[in-house]
Each structure stands twice: as C-alpha cells, then as structure tokens.
Amino acid sequence: MAKFITKMTKADALAPIIALEGVVVTGRTIQAYKRGKGDEARERFIEETSGSLVWLCGVAALNELGDKLLGKVLKKQGANFDVGTDKILRTPFDNFMKKVAPKGFSGTQVALLKGAKVLTSIALANLFIGFVVPKMNHYITNTLRSNKQNIDEDKPKNLTFKGAIGALNTFTNAIENTNTGKLLSTDFGIAGGRMYNARTKEERREIAFRDLGSIYFYMWAQGHVGNLLNLAESGKANRLNPSAASTVDKHLTEFLNSHGGEMSLEEFKKAVLGSISEVKLPENINFEKQKSSIWDKLFKKEPLQVVKVSELEQIITDNDLLNRIKEMAKLQPERLGEAVITKQQLADAFNNAQITNPKLLNEAYSEFTGGAYNSEFKFVSNSKIEKLKKEMIEYAETICKEAKDGKVNNDLLKKVKNKNLIYNGINFAAGFTVAAAFLSTFIPKIQYYMTRKATGVNAFPGTYDYEHKKELVA
C-alpha cells in the first residue's frame with residue numbers, strides 16, 4: 001500500500017492520470033449508452049480514448065519528433081533545451097546558446113524555431129482530436145445507420161462537415177515538461193474543433209459544457225480537495241509528498257543514529273531546524289534582484305535575489321561556511337559558466353540546519369524533478385523548489401510537535417512518516433473520487449439534463465432531428 005500511495009502521489013506521475021482516464025472513459029460510455037444506445041456509446045468511447053491517448057502520449061511523441069527535426073536544422077543532434085527562465089538564476093536557453101551555439105543562427109532564430117516546433121505539435125494534436133476524430137465518428141455512425149435502415153422516404157440531407165483550424169493555445173516550457181501543460185495546451189483547441197464539427201446546435205452546446213466544464217476537474221480539483229483536507233487536519237494547505245518524506249526520514253534517521261538514536265526535543269530542533277529568523281547576512285553583499293512582475297507586486301512577493309559565489313569568496317573568510325555555500329550553489333546549474341546562489345540559500349548556509357543540508361536537498365530535489373533541478377539546459381522554477389523545501393521544513397516541525405515526551409527517537413520518526421503517508425493516501429483517494437465522479441457521471445448527467453429541458457426530448461443530439469422530431473438517418 002505504501003508503494004502504491006507513493007507512486008500515485010509523485011509529482012507529474014502518469015499512473016493516477018491513466019487511472020482517472022480509465023474511469024472517465026468507462027463512466028461516460030455507460031452514461032452515453034443509457035441515453036443514445038450504441039451510436040452515442042460508440043462515439044463517446046472513440047472520442048474519449050483517442051483524446052486520452054493523444055494528450056498522454058501523442059503530444060510528447062510529436063515533441064520528440066520535433067526535437068529530432070530541430071536538431072537536424074541546427075546541426076546539433078541531441079542538444080535539447082528549455083526556454084523557461086527566471087532571468088537571474090536559471091537560464092537554460094542562454095547556457096545553450098553559449099555552450100552549444102549553433103553556427104549561423106541567432107538567439108532569436110533559435111527561439112522562434114523552438115516555438116514553431118511546440119506550436120506545430122499542438123496544432124497536429126488539436127487537428128486530429130478536434131477535426132479528424134469527429135468526422136470519423138460521424139462517418140461511422142452514418143454508415144452503420146444507413147446499413148440498418150434502408151428506407152425509401154424523404155430523409156434529411158447528409159450533414160456537411162466543415163474543416164478549419166481552431167484557436168490554439170500557445171505553450172512552450174509547460175507543454176514540454178508538465179502533464180498539466182500538455183492537457184491545457186490541447187483542451188481549448190479540441191473543444192473548438194469538436195464544437196465546429198457538431199451536427200446540431202444541441203450537440204454543440206453539450207460539447208461546450210462537457211469539454212470546458214471538465215478542465216477544472218482534470219487539472220485542479222484533486223489538488224484543491226487535498227488542500228482543504230490538509231487545512232482541516234493541520235491548518236496548512238500543503239503536505240510533503242511520500243517520496244520526499246522518505247528521503248527526509250532516511251536523512252534524519254541517519255543523523256539521529258549518529259547521536260545515539262535519541263535526542264532531546266530542544267537539541268533536535270536546534271540541529272534540524274536551526275534559527276533561520278536569527279540569521280544576519282553581511283551587509284556588504286551586492287545581490288542582483290529580479291524585476292518584480294505585476295503578480296509579485298500585487299501579492300507583495302519578495303523578488304528573487306542572487307549573488308555570484310566568486311564575490312562571496314572575497315567577503316567570507318570562514319572555510320566551513322564557504323564550503324556549504326559552494327555546495328548550495330550546486331543545487332542549480334551554473335549561470336553562463338559561473339556559480340550563483342540565492343539570498344535564501346545563503347541564509348540557509350549560514351543557518352547550517354540539517355533540514356536544509358545541501359546533501360539532503362540534493363537528494364530531495366533530484367527525486368522531485370527527475371534530475372532536472374541542476375541541469376544546465378533544463379528549467380525548474382525556483383518557486384517550485386522553494387515550495388518543496390518549505391514542506392520539508394514543515395515536516396520537520398511536525399516531528400517536533402509530535403514529541404509529546406520531549407524526546408525524538410526512531411519510533412517517533414517512523415510514526416510521523418506513516419501518518420504523513422496515510423494522510424497523503426486519504427487526500428489522493430478523496431481528490432480522485434471527486435474528480436472521477438464529476439468527469440465520468442455528474443457532468444454527462446447535467447449535459448443530458450440541459451438538453452432534455454431545452455428540447456423536451458431525451459435523445460442523442462448528434463443523430464436526432466429536433467425540427468422534425470425524428471432520428472437522423474444517413
């Protein structure tokens with residue numbers, strides 16, 4: 001069970017998405033059969049499975065093919081790179097241009113080629129699901145119905161299926177590196193294509209409600225349910241994922257064993273958490289400050305600040321502290337060949353606490369990002385990394401709160417780890433259930449109800465002529 005929960009709650013894990021898609025396809029096909037029998041059930045099954053396969057595998061496959069073609073154009077095969085950046089810490093595109101530097105191409109040209117590759121992969125996915133699949137569905141249904149009912153009476157004319165490219169969302173870094181980005185990049189284009197190819201206005205209205213109304217439950221509902229449950233249990237919205245919790249537990253167990261397997265709460269708290277609030281950095285450090293966005297100003301978010309390690313070497317004389325600073329700097333790639341460290345990381349180096357030990361952070365970040373956190377050609381936002389670190393600190397604080405007898409030992413660490421695992425499992429099950437219920441059952445039932453109330457007929461709108469109150473026959 002522990003392995004299952006850990007696997008299902010990993011960042012950007014495909015397993016829970018595949019499981020959710022299986023429930024959605026089954027539920028929507030069953031609901032479709034109840035109303036429209038074989039025709040609607042068949043169309044819904046084809047539509048849902050093809051959509052799932054394309055955004056789960058197709059966009060990534062098209063991107064990989066695009067990377068190979070881009071490599072041939074740039075004459076730099078295998079040199080993949082991200083274009084995301086926070087400008088002063090992680091700059092994968094600048095690193096690529098400096099170290100790989102395709103001859104005959106400017107930075108602007110390479111960026112445009114990268115964008116064109118991503119947009120092409122999205123366009124092809126949208127065209128297939130939004131235009132090819134609906135036409136294929138219509139053709140199959142019309143053919144089967146025509147074979148079943150060869151009647152010599154006036155029939156509605158065959159519907160003409162228009163083809164055009166719908167509006168496509170443009171994403172680059174998010175599309176290539178996150179499941180959410182892949183889904184969102186195709187949703188609006190696919191919905192537009194399906195609506196454009198709808199056979200009746202009633203079918204168009206159902207598609208709009210179903211496809212656009214499903215976005216929230218695919219992308220955010222599970223996380224929001226988990227946040228609410230966390231707030232109810234601990235007063236904090238987030239919870240450390242089981243994989244990172246295992247990494248933290250292993251590190252703290254080794255640390256505790258090196259001190260005889262047990263420590264007083266005060267000793268443990270001081271060694272593991274330190275006193276970050278009491279850290280005072282030298283005043284003569286010249287930090288580079290990231291320009292604040294409108295969003296940062298609105299929420300009064302502290303801008304990211306960094307400093308070159310080479311500059312710190314001229315200011316700090318403590319060799320142990322300098323070594324920690326250099327290890328901290330390895331938690332992100334060098335910026336144009338030079339090591340840099342954030343202001344927060346510098347404070348962590350001064351604090352010298354076990355929960356922000358560079359060795360522990362290195363292991364946690366590597367597992368969390370799949371090794372991308374310090375890759376010079378990959379982009380991982382600093383806010384994502386800091387959020388994970390904050391959850392690790394809160395996990396250590398939970399250990400201290402659970403030390404009711406004033407002592408911390410291996411039994412307590414195991415208890416906190418298991419409790420964290422259980423609550424993660426509850427969060428996942430509750431979030432999955434809510435999302436699956438709406439996507440597979442409630443949304444189809446609501447769309448059917450809307451059509452029934454508007455038309456007075458409980459029929460599949462793709463094959464029903466509401467004007468003449470009869471089934472459409474090809």
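For the single chain, residues carry numbers from 1 onward in sequence order. All of these numbers come straight from a predicted model, not from anything done at the bench.
Inter-residue side-chain proximity for Ile355 and Tyr395 is flagged as unmet; no heavy-atom pair is nearer than 4.5 Å. Under the 4.5 Å side-chain criterion, counting only non-hydrogen atoms from C-beta, Glu233 is not in contact with Ile426. Looking only at side-chain heavy atoms (C-beta outward), Leu336 and Asn95 come within less than 4.5 Å of each other. Side chains of Ile399 and Leu252 form a contact here, defined as non-hydrogen atoms less than 4.5 Å apart. Looking at Arg194 and Ile129, their side chains come closer than 4.5 Å, going by heavy atoms from C-beta outward. Two residues are said to be in side-chain contact when any heavy atoms from C-beta on lie closer than 4.5 Å; Asn357 and Gln354 meet this criterion. Residues Leu388 and Leu240 have side chains in contact (heavy-atom distance under 4.5 Å, counting atoms from C-beta outward). With contacts defined as side-chain heavy-atom distances shorter than 4.5 Å, the pair Leu346/Ile325 qualifies.
One N or O on the side chain of Gln290 and one on the backbone of Asp86 form a donor-acceptor pair closer than 3.5 Å. The backbone N or O of Arg239 sits nowhere less than 3.5 Å from a side-chain atom of Asn420 that would complete a donor-acceptor pair. The closest donor-acceptor contact from the side chain of Asn427 to the backbone of Leu228 lies at 3.5 Å or more, if one exists at all. In this structure, the side chain of Glu311 does not engage the main chain of Lys308 through any donor-acceptor pair within 3.5 Å. Without hydrogens or angle criteria, Arg44 side chain to Arg28 main chain gives no donor-acceptor distance under 3.5 Å. Within the 3.5 Å criterion, the main-chain N or O of Gly226 finds a donor-acceptor partner in the side chain of Asn230. Using a distance-only test at 3.5 Å, with no hydrogens or angles considered, no donor-acceptor pair links the side chain of Gln447 to the main chain of Phe209. With Thr49 contributing its side chain and Ile46 its backbone, the two residues share a donor-acceptor pair below 3.5 Å.
Residue Leu413 holds its CG atom at 11.0 Å from CZ of Phe255, rounded to the nearest 0.5 Å.
Of all non-hydrogen atoms in Ser214 and Leu439, the two that sit nearest each other are CB-CD2, 3.5 Å. Between Leu321 and Ala349 the shortest heavy-atom distance is CD1-O, 3.6 Å. Taking all atoms of both residues into account, the shortest heavy-atom contact from Phe287 to Gln305 is CB-OE1, 3.5 Å.
With sequence neighbours excluded, the residues that form a side chain to side chain donor-acceptor pair (under 3.5 Å) with Glu313 are Lys326. With sequence neighbours excluded, the residues forming a ring-ring contact (aromatic ring centres under 6.0 Å, His included) with Phe217 are Phe438, listed by chain and number. The side chain to side chain donor-acceptor pair (under 3.5 Å) check on Asn257 picks up Asn410, with sequence neighbours excluded. Judged as a side chain to side chain donor-acceptor pair (under 3.5 Å), and not counting sequence neighbours, the contacts of Ser383 are Ser381. For Arg210, the salt bridge (charged side-chain N to carboxylate O under 4.0 Å, His left out) test picks out Glu47, with sequence neighbours left out. Listed by chain and residue number, Asp348, Glu386 satisfy the salt bridge (charged side-chain N to carboxylate O under 4.0 Å, His left out) test with Lys389 (two or more places apart in sequence, or in another chain). For the side chain to side chain contact (heavy atoms under 4.5 Å, CB included) test, residues two or more places apart in sequence or in another chain that qualify with Ser375 are Lys378. In terms of the salt bridge (charged side-chain N to carboxylate O under 4.0 Å, His left out) criterion, Lys75 has no residue partners (sequence neighbours excluded). Scanning for salt bridge (charged side-chain N to carboxylate O under 4.0 Å, His left out) contacts around Lys387 gives Glu391, with sequence neighbours left out. Lys236 pairs by the side chain to side chain donor-acceptor pair (under 3.5 Å) definition with Glu397, not counting sequence neighbours.
Separation of the His259 and Phe268 ring centroids does not fall under the 6.0 Å cut-off.
Counting only N and O atoms by type, the side chains of Glu338 and Ser310 include a donor and acceptor under 3.5 Å apart.
The aromatic rings of Tyr373 and Tyr365 stand perpendicular to each other, their planes meeting at an angle above 60°, with 30° marking the opposite boundary.
Under a cut-off of 6.0 angstrom, the local environment of CG in Asn284 is crowded, with over 12 non-hydrogen atoms contributed by other residues, nucleotides or ligands. The number of heavy atoms from other shown groups lying within 6.0 Å of CZ (Phe45) does not exceed 12.
Listed by first and then second residue, the salt bridge (charged side-chain N to carboxylate O under 4.0 Å, His left out) pairs that reach into residues 268-295 are Glu288-Arg335, sequence neighbours excluded. Within the structure, salt bridge (charged side-chain N to carboxylate O under 4.0 Å, His left out) contacts touching residues 90-102 (residues at least two apart or in different chains) are Lys99-Glu376.
Looking at Glu402 and Lys419, a side-chain N of the basic residue comes within less than 4.0 Å of a carboxylate O on the acidic one, giving a salt bridge.
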